[in-house]
Undergrad: 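The following block contains the structure, expressed as structure tokens.
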Amino acid sequence: MTQNAQRQAALRALLADFRVIPVLTIDRVEDAVPLAQALVAGGLAAIEITLRTAAAVEAARAIAAQVPDAIVGIGTVLNARDLATAREVGARFALSPGATPALLDAAAQSPLPFAPGVGTASEAMAAMERGFDIVKLFPAAQVGGIGMARALGGPFPDLRFCPTGGVSAANAAEWLAEKNVLAIGGSWIAPAADIRAGAWDTIAARAKAARALW
Ligand code: 3PG
């Protein structure tokens, strides 16, 4: 198997096992481990730590080192440097809101399973040209929601989506029922305010409810 095929197969298997991925914005490193423990306890072991805060990198490192059952993904990967950071902290996968040529080229050279972000047909084509057939549909609700995923399924029947942006407890089941949706992501399971409040039981309960969806 080529590196490209291995990377895509690994991502496909991961998203089949964990169809709901909490998108996490962590402000304080000390919240990282109890947060990841709550999510794992609720059954959502694959998590996306967004590179949006000063604490994100150390938070990801702490989870990778101290919560062995968590499968750490790095999100908000904007360039090759972020992708290198994801590998360096021990991430098992990475995601981006977009798909610039430079990022796609870097990701194509990396063994790290990676889902670029697409919101248009041309972005989907750019991703597929470089071997990425599993993409984040972002921002999913704003680019057309389930109707957009279905419409892109016409010309791109082999493309698979992980929608994020506007996915919630209210529409999660509907998204998961779509045949070209492998997994969904969102902040609703562990919103930043709940993380700041240390509401681990609430987060674990939301994770458990989400885990019951597949
Ligand atoms: C993001 O990258 O911000 C995610 O898509 C989360 O979006 P949400 O807050 O609408 O779930």
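In listed order, ligands and their atoms are each counted from 1.
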Undergrad: Give yes if a backbone or side-chain nitrogen or oxygen of Ser187 is under 3.5 Å from a nitrogen or oxygen of ligand 1, and no if not.
TA: yes
Undergrad: Hey, are Asp31 and Arg196 close enough for a salt bridge, meaning a charged N less than 4.0 Å from a carboxylate O?
TA: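 Answer for the salt bridge query: no.
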Undergrad: Looking only at protein heavy atoms, identify the closest one to atom 5 (O) of ligand 1 and say how far it is in Å.
TA: Thr164 OG1, 2.9 Å
Undergrad: Where do Val77 and Leu95 land on the side chain to side chain contact (heavy atoms under 4.5 Å, CB included) test, with the steps shown first?
TA: CA-CA 6 Å; Val77 168; Leu95 308 105; over 6 Å; no
Undergrad: Going hydrophobic residue to hydrophobic residue with side-chain gaps under 4.5 angstrom, can you get from Phe161 over to Trp214?
TA: yes
Undergrad: For ligand 1, which atoms, with element, lie under 4.0 Å from some heavy atom of Gly166?
TA: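 Close to Gly166: 8 (P), 10 (O).
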Undergrad: For Arg52, is the nearest heavy atom under 4.0 Å from an atom of ligand 1?
TA: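 Yes; Arg52 lies near enough to ligand 1 that a heavy-atom distance drops under 4.0 Å.
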Undergrad: Which value, rounded to the nearest 0.5 Å, describes the distance between Phe114 atom CZ and Phe132 atom CZ?
TA: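 If we round to the nearest 0.5 Å, Phe114:CZ and Phe132:CZ are 6.0 Å apart.
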Undergrad: When rounded to the nearest 0.5 angstrom, what is the spacing between CZ in Arg130 and CG in Leu103?
TA: 9.5 Å
Undergrad: Quick check for you: to the nearest 0.5 Å, what is the distance between Ile71 atom CD1 and Glu48 atom CD?
TA: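 Going from the CD1 atom of Ile71 to the CD atom of Glu48 covers 14.0 Å.
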Undergrad: May I ask you to list the atoms of ligand 1 that are less than 4.0 angstrom from any heavy atom of Gly165?
TA: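 That gives atoms 5 (O), 7 (O), 10 (O) of ligand 1.
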Undergrad: Considering only heavy atoms of Gly186, which atoms of ligand 1 have at least one such atom less than 4.0 Å away?
TA: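 Counting atoms of ligand 1 from 1, those under 4.0 Å from Gly186 are 11 (O).
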Undergrad: At under 4.0 Å between heavy atoms, is it the side chain or the backbone of Glu48 that contacts ligand 1, or both, or neither?
TA: neither
Undergrad: Just distances here: any N/O of Gly185 and N/O of ligand 1 closer than 3.5 Å?
TA: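 Gly185 vs ligand 1: no N/O contact under 3.5 Å.
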